[in-house]
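For reference, the structure is listed below as structure tokens.
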Amino acid sequence: MSTLIRSAATPVWLLLMAATVAGYAIGEDRPFGLSPGQASVTVLALALVKIRFIVRYFMEIRHAPLPLKFAFDAWIVVAGISTIGIYLIS
Amino acid sequence: MPSIPGVADPVAERHPRFPGNVPGEAGIYIFILGDMLLYTLLFGSFMVDRRGNVNLYNASADTLHVTFGMINALLLLTASLLVFWGVRSVRENLTPRRAPRFFVGAIVCSLGFIGNKYFEYAGLICEGHTPVENAFYTYYFVLTGIHLTHLVAGTLVLIFLWRVASKKARTRTDIRAMESGAAFWHVVDLLWIMLFALLFLVR
Amino acid sequence: MNLRRAHVWMGWTGVIFTIGFLLACIPPLAWTIPPRLGPTATPMEVKQFYIEHKMNIRAGAWIGMVASAFYYAWGASIAALLRRVENGRPPILTYTQLGAVGVAVFNSVLYFFWMAFCVYRPEETDAELLRAFNDFQFILLEFEVFPLSLWAVAIGLLIILDKSPRPVFPRWTAWVNFWFAGLVMTGQFMIFFHTGPLAWNGVLALYWPAFVFFVWICIMSYMTVVGSRKENDVVGEDVDQQTYPAGMDLTQAHASTN
């Protein structure tokens, strides 16, 4: 059991959980005087970072061949363009 | 060649030119990436439509139950960790008695999500917000609805993973099938992470 | 001319159907992909469109009808190629495919027939009626995706359960079929909406399913051509054509007749 807890995915999970709550707080309460625009972009960027962690650590793409790593990173870039990119021109 | 901790002989196809380990069956990534392609189209379509109706979208998003969305994200992340532990446990033959229980835990999280979704949808509809009310609600119900079908399929996959983990002995084919199923589950998780940010938090 | 060549030609029918279908629907002809009209068009706009583009739409309907014939040839080819996976067992998934081919081709044919019907005498047809007829055209185009999904699932299952030393289709094509089956389904919800991404001119109801369908047919057409060649190459020219069923062990057939 301790081997499992000590796998890389466990601290990543804690990080992701914290990041989810942080994203909620940033989106809902907008601390530090963030404007809605800044908060939205932050929240979307945070989501993409979280997704990369899930892909690399939970899906074990960290150990995968380059083309597969590339395919997922390419998706993250496209998702970023179709969300943050279009948001910024709104 | 990159090694996976504890795995002496990774169970996967190897391409001579690209070292690395493909978790599960290579073909499933056609399905997964193709599915994710639909989602980028949906994200883009949503954002483009939002451009023309920013105030409407913001006002409608304010009526959503954000806490439900966050709890759902936390549930799916936890289920993903349990699935990761479960697959590693089975693959490296650690904690053989506990491995099935990880998947049971993941199934419980998943059912929690479904229950939450029911209350969330029911709440919105009772307040008068239906999929045909305006473009935002159409996108909201369609995006989360499609995700929900993926989640239900993911729950069936979790049940399959639980059954394989409960077997007395597992073959390489079993492990490969488990990794494939786990990959699908993680995609269900990561898509919700994006949907939560996009639908609930963007203003 | 030999059977191998005939089979390979049949493999190309998928491509011919796809090209013909698209050609029939694009703006110069029928103008349904992308559509000139939308669910929110007024009856007069619909009538105007049909009157102005009469000949184009009729040409499109004709080309589409001809293309539809190639659709069943392609579907039958896949079913025939994959039939040997069910050797010795009841060919349930093979028959499922053939049933699905019937439904899919009927749908495609009716779509073009209906298009032809709409544009037969648009000047004398009541505008409201013409608009309703036009709506039906798009229901025919987009509503029937679930039968296609089940068809692809049957194909995918046969591919993935093919444990022969030389599989008919490579394993990854099964995932293309499952991808198609799962993701083309967004189109069926078009009946609930008049605007938005699920309206019949919307992204999710028309363009995405069209894209997914196009990818599926192209990949499976190419695989059918390759598969027909492979399957025919294994069988020698002197194969026994006088006994049933095909695919039987021919050494045993010769032994029983001698």
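The chains referred to below are lettered A, B, ... by the order of the sequence lines, with proteins before strands, and numbering in each begins at 1.
No part of B:L42 comes within reach of chain A, as not one of its non-hydrogen atoms sits under 4.5 angstrom from that chain. Both the backbone and the side chain of A:I89 come within less than 4.5 Å of a heavy atom of chain B. The contact between B:A183 and chain A is made by backbone and side chain atoms together, counting heavy-atom distances below 4.5 Å. Heavy atoms closer than 4.5 Å to chain A are found nowhere in B:S45, neither backbone nor side chain. With a 4.5 angstrom heavy-atom cutoff, B:F102 touches chain A only via side-chain atoms. Residue A:F53 does not touch chain B at all, counting heavy-atom pairs closer than 4.5 Å. Both the backbone and the side chain of B:R203 come within contact range of chain A, each with at least one heavy atom under 4.5 Å from a heavy atom of that chain.
Each of B:V83, B:L94, B:V66, B:V54 has some count of heavy-atom pairs under 4.5 Å with chain A, and the biggest count is that of B:V66. Of the listed residues A:I86, A:L4, A:V21, the one with more heavy-atom pairs under 4.5 angstrom with chain B than any other is A:L4. Of the listed residues A:L46, A:I5, A:V12, A:T20, the one with more heavy-atom pairs under 4.5 angstrom with chain B than any other is A:T20. Highest contact tally toward chain A, considering only B:A182, B:G44, B:S89, is held by B:G44 [criterion: heavy-atom pairs under 4.5 Å]. Contact count against chain B (heavy-atom pairs under 4.5 Å) is highest for A:E28 among A:K50, A:E28, A:R30. Of the residues considered (B:L191, B:V87, B:T67, B:N58), B:T67 shows the highest number of contacts with chain A, using heavy-atom pairs under 4.5 Å. For the set A:P67, A:A39, A:A8, A:G27, the entry with the most heavy-atom pairs within less than 4.5 Å of chain B is A:P67. Interface remark: of the candidates A:L16, A:I26, A:L68, A:L68 forms the most heavy-atom pairs closer than 4.5 Å to chain B. The choice from A:A47, A:G23, A:G37 that makes the most heavy-atom pairs within less than 4.5 Å of chain B is A:A47.
Here the closest non-hydrogen pair linking A:W75 and B:T40 is NE1-CG2, 3.1 Å. Summarising the geometry of B:T78 relative to A:W13, their closest heavy-atom pair is CA-NE1, 3.3 Å, with the distance given to 0.1 Å. The two atoms that bring A:T3 and B:R88 nearest to each other are O-NH1, 3.8 Å, heavy atoms only. Between B:L77 and A:F58, the shortest heavy-atom distance links the atoms O-CE1, 4.2 Å. Residues B:A197 and A:L44 share a closest heavy-atom pair of CB-CD2, 4.2 Å. Closest heavy-atom contact between A:S82 and B:M47: O-CG, 3.3 Å.
Between A:Y87 and B:R50, the closest side-chain pair of non-hydrogen atoms falls below 4.5 Å. Taking 4.5 Å as the limit, some side-chain heavy atom of B:M194 sits within range of a side-chain heavy atom of A:L48.
Between A:F72 and B:Y29, the ring planes lie perpendicular to each other; the angle is over 60°, past the 30° to 60° tilted range.
Annotation: the span from B:L81 atom CG to A:S7 atom OG amounts to 7.5 Å, rounded to 0.5 Å. Rounded to the nearest 0.5 Å, atoms CH2 (B:W85) and OG1 (A:T10) are 5.0 Å apart.
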